Structure formats: structure tokens, C-alpha cells
Peer 1: 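First, the structure itself, so that you have it in front of you.
Start at 1 and go down the list; that is how both ligands and their atoms are numbered. Everything numeric here is computed off the predicted structure, so don't read it as measured data. These numbers come from the heavy atoms of this one structure, side chains and all, not from hydrogens, waters or symmetry mates.
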Amino acid sequence: MTTISRRTFMLAATAVGALALAGVAIAEVPKLEQKDKYKVGFAQTESNNPWRIAQTNSMKAEAEKLGFQLVYTDAAGSAAKQVADVNSMIAQGVDVIFLAPREEKPLIPAVMAAKKAGIPVILLDRSVDPSLAKAGEDYLTFIGSNFVEEGKRVAEWLVKNANGKSKIIELEGTTGSSPANDRKKGFDEAIKAAGGFEIVASQTGDFARDKGRQVAEALLQAHPDADVIYAHNDEMAIGAIAALEAAGKVPGKDVLVLSIDGGKEAVQAVVDGKIAAVVECNPRFGPKAFETMMRYAKGEKIDPMIINDDKFYDASNAAAELANAY
Ligand code: GYE
């Protein structure tokens, strides 16, 4: 290791600070010192579903295993609170911030504030607007699923297994979130390319069970001939099943329900024939998140995107896979 005098270090630090003050963007992610123990922030977006809880548990378990201090916050579904949470982590002097940004644009100031404070940010599961913040520059990397691909896999399953069903209601995730944007893009494009299908309505259910149920109920009334429901996550799919049953329709028979996430309750619904197919979105981030941060501290080059592997469940494998679902 090269040793530099304190004076040289201070001069360099002042120069960087001056550039930042002058509004000149510094094109580098802050460095991370190699240490035995770290104080790490994890800014969760909300905790209203099994996917979020599985993700939080995975992060907490890994921090505990490594003996790292975890500063955990839950933004309770508010992007504004999540920005405040990140600012509070900065004030507490965490070494790294793991951020699951609720929406693509509103979390940009949080990413930039951490960068300015010299704290590397790793985005978990959701991303930010790529025209406003860049991996390898403003934050270290994005770890998560390929959401466009998830939507496309649902569409491809439908094209093969539709059996004449063709009128689709789409329940979108949280408006402005990267999984909602990309799951829509992947699905809609593949459905359009296949031809013969029609998306009769597409509306947000905010990734939430009861909102999904309410929206499905209203859309089923407006489009009684709809025979497919594509939900951007399990919670809304389960809400849609309740809406179908309340309307006297049989999910799996009258209407095919398709979903993304692959939690236990949804995989059980596949076993029961109520959900036709689910693309898994893996919530077990802990090991990969902490391993990535330590590789960075060692000086390794980190890819701008680290993509998780997702399984696929339908009637052919759901019973056998049930025990492995989160
Ligand atoms: O599908 C959903 C959660 O960002 C990938 O957010 C995640 C999604 C997940 O609330 O259930």
C-alpha cells in the first residue's frame, strides 16, 4: 500500500470538496475502506408483503452472520420518508448504504446526497432513473432481477397456453417504480408481437393486495369479457382472485391469473389451480449484497448490474417446488 502524508491527503480531499462545491460532478463512486466490521445502512421501501419481509430477513440474517451493525429503516411506502431515512443514515456515518428505491425519480436526491457524503450506495431490487444517476458513477451497482425479462416470460407462457383466452386486464405495480415500468414493457411488447391478444385495461394496484382486489373488481365490472389477469406481483394476483370469486367467476377456469414474485401463498395457489403461472422474483438478497460490498472494498471491479436468477412455476412443477418458495 502506498502511504501518503496527511498534508497530501488533506490537499487532495480539499480539491475534491472544492470541485463538488463548484458543482462539478465527480465521476466516481466513493471508495470503501477494507475493515473487519462495518456499519451498514439498509433503507427498505415498505413491509406490507411477504416479498419485502423475506428480503429484510435475508439482509438482517447476513449482517448478523458477519457481525456487522445494520442501520435498518422502513419508509412505509413513502418516497419522501425514504429520502429522509437515507439522510439520517448519512448523518449516522454508515460505511455503505443498501437502498431499495421505491420509485425511479424521487430517490435520486438520496443517491446523490450519499455520493456527496463519500458513502457508496448499492441499489437493491429496484433501480433509479438511468438518465439521472448512473451505476459505476453515482452508485456502485444494481443487484436484482431483470424485470423486462420477467414480464416477457409471463407473456410467452400465455401465448403458449392461452387456449383461446385473449382479453387481458393488467394490474400494474407502484407507479414510477422500476419493476412496474419494466414488467409492463416486457409483457406488453411480447403480447403485441405475438398478435391476437388485447390488453383491455391496465391500471395500478400499487403492488398491494387490497388495492389489487379493488382495482380488479372495478375493471372486471367494466370489462366482463376479460379472461386473463396479469398482475405485476403476487399480492395483487391474490387480491384479484378474491375479486373474481366475489364476482362469481372461477379463477383458473373462467379467467387465467398470471403473477410475478413466487411467494409460498402464490405457489400454493398454482397447486390449487387458481393462479396459472408465476415468474419468481428472488427476494433473498443478503449473501449477494454483502459479498458485493466486500469485493468492492478489496478493490475488485464491480459490474454495473448483478442479475438474480428467477425460477418459473406452473402446474408442471408447483407442487414439487412449494417447499423451496419463500
Ligand atoms: O415484486 C413486489 C415488491 O421491487 C421487485 O416490490 C420488487 C417488487 C416485488 O413490493 O412484491
Peer 1: What's the verdict on side-chain contact (heavy atoms from CB on, under 4.5 Å) for F197 and L158, showing C-alpha distance, side-chain angles and the deciding distance?
Peer 2: CA-CA 10 Å; F197 292 89; L158 177 63; 3.9 Å; yes

Peer 1: Mind checking whether Q55 has a heavy atom under 4.0 Å from ligand 1?
Peer 2: no

Peer 1: Please verify whether a non-hydrogen atom of I260 lies at under 4.0 Å from ligand 1.
Peer 2: no

Peer 1: Taking only heavy atoms of F147 into account, list the atoms of ligand 1 that are under 4.0 Å away from them.
Peer 2: 5 (C)

Peer 1: Please step through side-chain contact (heavy atoms from CB on, under 4.5 Å) for the pair M59 and Q44, ending with a clear verdict.
Peer 2: CA-CA 10 Å; M59 291 297 287; Q44 179 58 286; over 6 Å; no

Peer 1: Report the nearest protein non-hydrogen atom to atom 1 (O) of ligand 1: residue, atom name, distance rounded to 0.1 Å.
Peer 2: D261 OD1, 2.6 Å

Peer 1: Tell me which protein heavy atom sits closest to atom 3 (C) of ligand 1, plus the residue, atom name and distance to 0.1 Å.
Peer 2: R52 NH2, 3.5 Å

Peer 1: How are the rings of Y72 and F42 set to each other: parallel, tilted or perpendicular (split at 30° and 60°)?
Peer 2: tilted

Peer 1: Atoms of ligand 1 less than 4.0 Å from C281 heavy atoms?
Peer 2: 5 (C)

Peer 1: Grouping I, L, V, M, F, W and Y whenever their side-chain heavy atoms are under 4.5 Å apart, do I122 and V128 come out in a common cluster?
Peer 2: no

Peer 1: Could you check R52, R284, K288 and say which one makes a salt bridge (Lys or Arg N to Asp or Glu O under 4.0 Å) with D125?
Peer 2: R52

Peer 1: Provide the number and element of each atom of ligand 1 under 4.0 Å from a heavy atom of P179.
Peer 2: 4 (O)

Peer 1: Going through the checks in order, is the side-chain contact (heavy atoms from CB on, under 4.5 Å) test met by Q268 and L322?
Peer 2: CA-CA 7 Å; Q268 181 64 56; L322 187 58; 3.1 Å; yes

Peer 1: Relative to the ring of Y38, is the ring of F68 parallel (under 30°), tilted (30 to 60°) or perpendicular (over 60°)?
Peer 2: perpendicular

Peer 1: N49 to ligand 1: N or O pair under 3.5 Å?
Peer 2: yes

Peer 1: Which option, E235, R183, E150, owns the non-hydrogen atom nearest atom 5 (C) of ligand 1?
Peer 2: R183

Peer 1: List the closest protein heavy-atom neighbour of atom 4 (O) of ligand 1: residue, atom name, distance to the nearest 0.1 Å.
Peer 2: D125 OD1, 2.6 Å

Peer 1: Is the shortest heavy-atom distance from the side chain of R153 to the side chain of D310 under 4.5 Å?
Peer 2: yes

Peer 1: Using distance alone, decide if ligand 1 has a nitrogen or oxygen within less than 3.5 Å of any nitrogen or oxygen in W51.
Peer 2: no

